[in-house]
Amino acid sequence: MLSKAYEPQEVEAHWRKHWEENRTFTPDMSAPGDPYSIVIPPPNVTGILHIGHALNQTLQDILCRHARQKGKKVLWIPGTDHAGISTQNVVERALAKEGKTRHDLGREAFIERVWQWKKEYGARILEQIKELGASVDWTREAFTMNDDLARAVRKVFVQLYKEGLIYKGKYIVNWCPRCHTALADDEVDHIDSKGTLWHVRYDFADGSGSVTIATTRPETILGDTAVCVHPEDERYAGLVGKKLIVPIVNREVPLIADRYVDREFGTGCLKVTPCHDPNDWNLGHTHGLEFIQVIDDNGNMCLDPVCGRYAGMSREECRKAIVEDLRESGQLVAEEPLAHSVGCCYRCKTVIEPYVSTQWFVATSKLAPAARAVVPDEIRIYPESWVKTYYNWLDNIRDWCISRQIWWGHRIPAWTCPECGELIVSEEDPVSCPKCGCTNLEQDPDVLDTWFSSALWPFSTMGWPENTEELKTFYPTNVLVTAFDILFFWVARMIMMGQHFMGEVPFREVYIHALVRDAQGRKMSKSLGNGINPLDMIHKYGADALRFTLAAFAAMGRDIRMSEERIEGYRHFVNKIWNASRFALMNLPEDREPVSVDLGTVKGLYHRWILNRLEEVKAEEDAALESYRFNDAAQCVYKFLWNEFCDWYLELIKADMREEGRGREEAQFVLYTVLKEILLLLHPMIPFVTAEVWSALPGHAGSDIATQLYPPVREECRKPGDSDDMVFLQETISAIRTIRAELDIKPSCRLSVVLRPASEEQAALLERGRGFFELARLEKLTIDAAAHAPKASASNVVRGCEVIVLLDGAVDFQAELARLDKEIGKVDKDLAALSGKLSNAGFLNHAPAELVESEKARQADLLDKKAKMLTLQARFKEALA
RNA sequence: GGGCGGUUAGCUCAGAUGGUAGAGUAUCGGUCUUACACACCGACUGCCGGGGGUUCAAGUCCCUCACCGCCCACCA
């Protein structure tokens, strides 16, 4: 027998182990069924599971489990990402504690150290994914630095190089002086900050006056090689072409003109430092300027003589010193505060330095048009609102800098010959220079951007470049589930690579889910310490409760504000499932399935009702999941189980269960059927408790719900008419309960009730449902249209049927009067709205006839109700008089 | 500077294709009615951000304003 309250820990551990040992989620390649596949967005090996992962994986798991139920052959590939910069940082920090740097170890030893670290901690995040219950195929676990993925990376690199889609060149790139590496444009975070705009006077060389430039970076003055204005700026008309003297360094530079300059900003006059600003870099090239580097790769002023006394200072120190010097020399004309955004390293938040260096690039600008064209016809993005963002990014894309000056990552497969300078790009390590035969080749020291290997993930994890069974069966994958923050880093690049190398998009659909925020709406982050740790939640409330909460709040296109109370709330739901199941098990045969009965012809109205509702819910959930409306799926089953199955159905069959006979057999079989199917409906969202209960069902020992199919449609159980009859009976019972509660009559006090049905049919229906009124705790029930209404009675009207509760002297008569007034007031309010509608010719002429009819019926019903209630009220008053 | 999203019950949020405003939680009242107090029965709460428009009908579609939040962008 199941314990009284659900205790998740043991149950979850048991099923996790069961599924892993039985390889339940490793697809049988020879099995029939359409393939369905997802690749997991690989979390960083350095990472620990945060709530965003939990959401991401829960949603994928729901889709996978549901697909299995629909008879599909499902492959969900797990794995991790080597996360170049961030992993290197983590290991470097560990080294720093030992007082060492990676340079003390040397490249090889350092990489060895990272692998060691990965071995030790890399499994941690995977363990955490297991705790969530993710039904991934653990036999196919992948890692972006594995040998087979490395082979894919090399092949892709070499081919793109040969096609001219990868090139090497000297450009100005985003440089993190702390991580000591180049970064891609999208790895730069722009953080708003308060800066200063300094206005500095530059004098003409011929002594004929001056211009004033505005800059936020005076330290780069040392590298100025021009001053630029807009060609049509009248303030500077006739001055273009003259020479100016750069302050501090006294360099003579030209005043040039370019339409790039914004006349409105600052003084409309711009100093040009081609080596230290991407725009100035462009100006430098179009105007043939001199390129002078003044800041080094550590963010310090170059030791080169050009920096003079500032050499060796940090950027910040130099800025201060130069401002002071300019102030002294009188060339600082003005300074004003300026709010602007500063580029920062997305990993360490250090201010980015634009830096000229030799890097490798992917010509994404050439790959972008094809990637753009497949949306929305070949790839559908949900919610659709992200399509625009996707287009916008691709339309403005610039080539992707893929080389990183770090050690941890896929080393670039390029070698240079020290003898003749030949550049060799090759899948296999070359032994000698094909041009001069030199054997002393040097491999490029850089590694690839982490996202380069991630971009291949959908096919590299399936064994590409081999033409594997997996690829043949499961590529392209069905859907990619991710948060929007990596739409660009990852999704767009996967599409490009998939198209280029597989000749086919990597997935058919993209589902962009919410970002999980804290209760104040802030992004959860380690630094804020506001994260809800999913593991804590799992340990406290169970994985099922966490998962269901995430699913229930995963409304499309909105962020989720997560708080612990919600998880606690849904823990109650999991417990409810447990207890409803316990009740069922107590009332079912212990060792065998109940005798089956024909569900299409069961007699009890409540059976017909619950079976009909079950059909509706099955269809509803299926439709919701098919269109990624996880919250709708969660909510419809939630309500069905709690408010219909538990609150009404289980209560109603208690009477049947008391004695043996046909009634009990019917009830047992319907109960058994409905419970089983509810478990199936819930299983994708709530895998553990459903698995446990399933295996406890009679005749189900050893059966695993995870391998069961979605419950089939039972057309013969669709009986909306019976269902509505049942609802009428429920409304009648509720009316009695409301009277009891509002008049403060103890539940233990059994009531006498008179029902005066509005029609023969209603009378028959009430008679048929007579037994249900036990739920209102009655002593005597009279069903008779002609029955006399005793004067001392409380009343209400349900669908024309008068509900009259006999009162003895103990009740508060004033309370009943007030209650009647309130009730009549409600009716009046509805009537007012309705009659307005129905007296509107527009409504009568334009609205669908069906609607007009039903509104008229409602009006008639309400008028009838009001009349009856007024009569009852008058009678009641008489009794008081 | 572009683009996107939000504004619904005290709180946190649902409300696909326009047709009587919902859930959890909180609050109030009652109940050990033998599956569940992680429960049950009932009650209460809403000019659906402001204004305008389309429509017989708008929380839902259009315009506009306000305030929040996010994303993108080479404002020196």
Side-chain angles (χ1 to χ4, degrees), chain A residues 2 4-6 185-186 190 197 213-217 220 228 260-262 264-267 269-273 277-282 338-341 343 354 385-386 388-389 392-393 396 398 484-485 487-488 515 517 519 521-523 541 545 552-553 555-563 565-566 568-587 623-624 627 629 631-632 635 638-639 646-647 650-651 654 734 737-742 744-748 774-777 830 833-834 837 840-848 851-852 854-855 858:
Chain A
L2 307 177
K4 191 164 170 178
Y6 175 57
D185 292 331
D186 51 16
H190 293 271
L197 190 61
I213 60 92
T215 182
T216 54
R217 300 203 57 196
T220 61
C228 189
Y260 156 74
V261 176
D262 177 0
E264 306 298 315
F265 190 90
T267 59
C269 187
L270 168 77
K271 72 182 204 59
V272 183
T273 319
D277 182 282
N279 302 307
D280 294 5
W281 165 265
N282 293 337
L338 179 75
H340 62 151
S341 66
S385 53
W386 288 104
K388 226 171 166 173
T389 310
N392 189 48
W393 189 73
N396 296 298
R398 296 195 303 166
F484 71 83
D485 52 349
L487 190 61
F488 308 134
L515 230 49
R517 299 176 182 281
R522 297 173 305 180
K523 204 168 168 174
Y541 303 109
F553 283 95
M556 241 192 252
R558 276 195 68 143
D559 288 346
I560 299 176
R561 292 191 188 200
M562 201 28 139
S563 70
E565 291 84 78
R566 296 165 185 231
E568 195 178 356
Y570 283 112
R571 189 251 314 245
H572 299 341
F573 177 61
V574 174
N575 191 53
K576 190 76 178 174
I577 301 168
W578 181 255
N579 275 298
S581 304
R582 285 180 63 223
F583 171 80
L585 292 174
M586 287 174 181
N587 287 288
S627 50
R629 286 179 289 116
N631 56 324
D632 288 343
Q635 205 172 52
Y638 178 98
K639 284 183 173 170
C646 290
D647 289 350
L650 294 187
E651 293 305 324
K654 280 178 181 173
S734 291
R737 284 172 169 172
T738 302
I739 289 171
R740 178 197 289 278
E742 298 208 335
D744 224 2
I745 303 167
K746 296 271 171 225
S748 51
E774 175 55 23
L775 297 190
R777 297 191 64 79
D830 287 352
L834 259 185
K837 210 172 188 178
N840 181 342
F843 177 74
L844 296 173
N845 295 330
H846 292 89
L851 184 74
V852 175
S854 79
E855 293 292 74
R858 254 187 74 216

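Every chain is numbered from 1, with letters handed out A, B, ... down the list of sequences.
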### Task
Begin from the C-alpha positions of L851(A) and F843(A) and carry the test side chain to side chain contact (heavy atoms under 4.5 Å, CB included) through to its verdict.
CA-CA 10 Å; L851(A) 184 74; F843(A) 177 74; 3.8 Å; yes

### Pairing nucleotide - U45(B), Watson-Crick or G-U, each distance under 3.5 Å
none

### Query
Nearest to the side chain of N279(A) - A76(B), C74(B), G42(B)?
C74(B)

### Message
Tell me whether the side-chain N/O atoms of R737(A) come closer than 4.0 Å to OP1 or OP2 in G42(B).
### Response
yes

### Message
What's V261(A) touching, base or sugar-phosphate or nothing? Going by heavy atoms closer than 4.0 Å.
### Response
base

### Query
For E855(A) and A57(B), what is the distance between atoms CD and P respectively, to the nearest whole Å?
14 Å

### Interatomic distance at C1', U20(B) relative to G30(B), whole Å
30 Å

### Query
Which value, in whole Å, describes the distance between the C1' atoms of nucleotides G22(B) and U54(B)?
27 Å

### Task
Quick one: label T738(A) by what it contacts on the DNA or RNA (base, sugar-phosphate, nothing), any heavy atom closer than 4.0 Å.
sugar-phosphate

### Query
Which nucleotide in the set C72(B), C56(B), C4(B) lies at the smallest distance from any side-chain heavy atom of N392(A)?
C72(B)

Could you list all N or O pairs between the protein and nucleotides 53-55 of chain B that sit under 3.5 Å apart?
none

### Message
Which nucleotide wins on minimum distance to the side chain of S734(A), given the candidates A35(B), G42(B), U20(B)?
### Response
G42(B)

#### Entry: Nearest to side-chain heavy atoms of A741(A), which nucleotide of G29(B), G19(B), C74(B)
G29(B)

#### Entry: Candidates D280(A), T215(A), T220(A) - the one meeting side chain to side chain donor-acceptor pair (under 3.5 Å) with K271(A)
T220(A)

### Atom-to-atom span, OH of Y260(A) to C1' of C75(B) - whole angstrom
8 Å

### Message
At 4.0 Å (heavy atoms only), tell me whether P278(A) reaches a base, stays on the sugar-phosphate, or touches nothing.
### Response
nothing

### Task
Look at all strands and tell whether K576(A) reaches a base, only sugar-phosphate, or nothing, counting heavy atoms closer than 4.0 Å.
base

### Selected nucleotide, minimal atom distance to H572(A) side chain, candidates G22(B), G3(B), U25(B)
U25(B)

#### Entry: C1'-based separation of G46(B) from G15(B) [nearest Å]
14 Å

### Query
Taking the same atom, C1', in A9(B) and in G51(B), what whole-Å distance lies between them?
24 Å

### Task
Please determine, for U7(B), whether a Watson-Crick or G-U wobble partner exists with both distances under 3.5 Å, and give it or none.
A66(B)

### Worked check of side chain to side chain contact (heavy atoms under 4.5 Å, CB included) between W386(A) and L487(A)
CA-CA 9 Å; W386(A) 288 104; L487(A) 190 61; 4.2 Å; yes

### Query
Between atom CH2 in W393(A) and atom C1' in G2(B), what is the gap in whole Å?
18 Å

#### Entry: Pairing partner (Watson-Crick or G-U wobble, both distances under 3.5 angstrom) of A39(B)
U31(B)

### Query
Between U33(B) atom P and L650(A) atom CG, what is the distance in whole Å?
18 Å

### Query
Just checking D277(A): base, sugar-phosphate only, or nothing, at a heavy-atom cut-off of under 4.0 Å?
nothing

### Task
Scan C646(A) against the nucleic acid and name what it touches under 4.0 Å (heavy atoms): base, sugar-phosphate only, or nothing.
base

### Query
In terms of side-chain heavy atoms of N631(A), which of G15(B), G30(B), A39(B) is nearest?
G15(B)

### Task
With heavy atoms under 4.0 Å as the rule, sort R858(A) into base, sugar-phosphate or nothing.
base

#### Entry: Contact check, side chains of L338(A) and T216(A), non-hydrogen atoms, under 4.5 Å
yes

### Message
If you assign G266(A) and Y6(A) each to the RNA chain B nucleotide with the nearest heavy atom, which residue ends up on the more 5' nucleotide?
### Response
Y6(A)

### Query
So do the side chains of R740(A) and R777(A) get within less than 4.5 Å of each other, counting heavy atoms only?
yes

### Message
Can you check the distance between C48(B) and A37(B), where both ends of the measurement are the P atom (answer in whole Å)?
### Response
40 Å

### Query
With respect to the side chain of L851(A), which nucleotide from A35(B), G19(B), G42(B) is positioned closest?
G19(B)

### Query
Side-chain N or O of K654(A) less than 4.0 angstrom from OP1 or OP2 on A35(B)?
yes

### Message
Applying the Watson-Crick and G-U wobble criteria at under 3.5 Å, what pairs with G1(B)? Answer none if nothing qualifies.
### Response
C72(B)

### Task
Using the ring of Y638(A) (Phe, Tyr or Trp, six-membered ring only), decide whether K576(A) places NZ or CZ under 6.0 Å from its centre and within 45 degrees of its axis.
no

### From OG1 (T267(A)) to CG (L197(A)), nearest 0.5 Å
8.0 Å

### Message
Check this one for me: any side-chain N or O of K746(A) less than 4.0 Å away from OP1 or OP2 of G30(B)?
### Response
no

### Message
Counting the atoms with a prime plus P, OP1 and OP2 as sugar-phosphate, which does P848(A) contact under 4.0 Å by heavy atoms, base, sugar-phosphate, or nothing?
### Response
base

### Query
Nearest to the side chain of M586(A) - C74(B), C70(B), A35(B)?
A35(B)

### Query
Considering Watson-Crick and G-U wobble pairs with both distances under 3.5 Å, what does A23(B) pair with?
U12(B)

### Query
CZ of F573(A) versus P of A23(B): gap in Å, rounded?
15 Å

### Message
Does A73(B) have OP1 or OP2 under 4.0 Å away from a side-chain N or O of S341(A)?
### Response
no

## Note on the structure
Side-chain contact check for D647(A): nearest option of C71(B), C40(B), C38(B) is C40(B)

### Task
For U27(B) and C38(B), measure between their P atoms and round to the nearest Å.
14 Å

### Whichever of L338(A) and D830(A) has its nearest RNA chain B nucleotide further upstream toward 5'
D830(A)

### Query
Are Y260(A) and L270(A) close enough that some pair of their side-chain heavy atoms sits under 4.5 Å apart?
yes

### Message
Closest approach to the side chain of N840(A), judged atom by atom: which nucleotide of C56(B), C70(B), A43(B) is it?
### Response
C56(B)

### Message
Using whole Å, what does the distance between atom P of nucleotide C72(B) and atom CG of L487(A) come to?
### Response
10 Å

### Phosphate OP1/OP2 of A76(B): any K271(A) side-chain N/O under 4.0 Å
no

### Query
With rounding to whole Å, what would you report as the distance between C4(B) and C62(B) at their P atoms?
12 Å

### Query
Do D277(A) side-chain atoms and T273(A) backbone N/O form a donor-acceptor pair below 3.5 Å?
no

### Query
Roughly, in whole Å, what's the span from CZ in F265(A) to P in C74(B)?
15 Å

### Query
Within the structure, does a side-chain N or O atom of N579(A) lie under 4.0 Å from either OP1 or OP2 of A37(B)?
no

### Message
Say we look at G1(B) and A26(B): how far apart would their P atoms be, to the nearest angstrom?
### Response
46 Å

#### Entry: Rounded interatomic separation in angstrom, taking CD1 from I213(A) and P from A76(B)
13 Å

### Message
For the aromatic rings, using the six-membered ring if either is Trp, is the centroid distance between Y570(A) and Y541(A) under 6.0 Å?
### Response
no

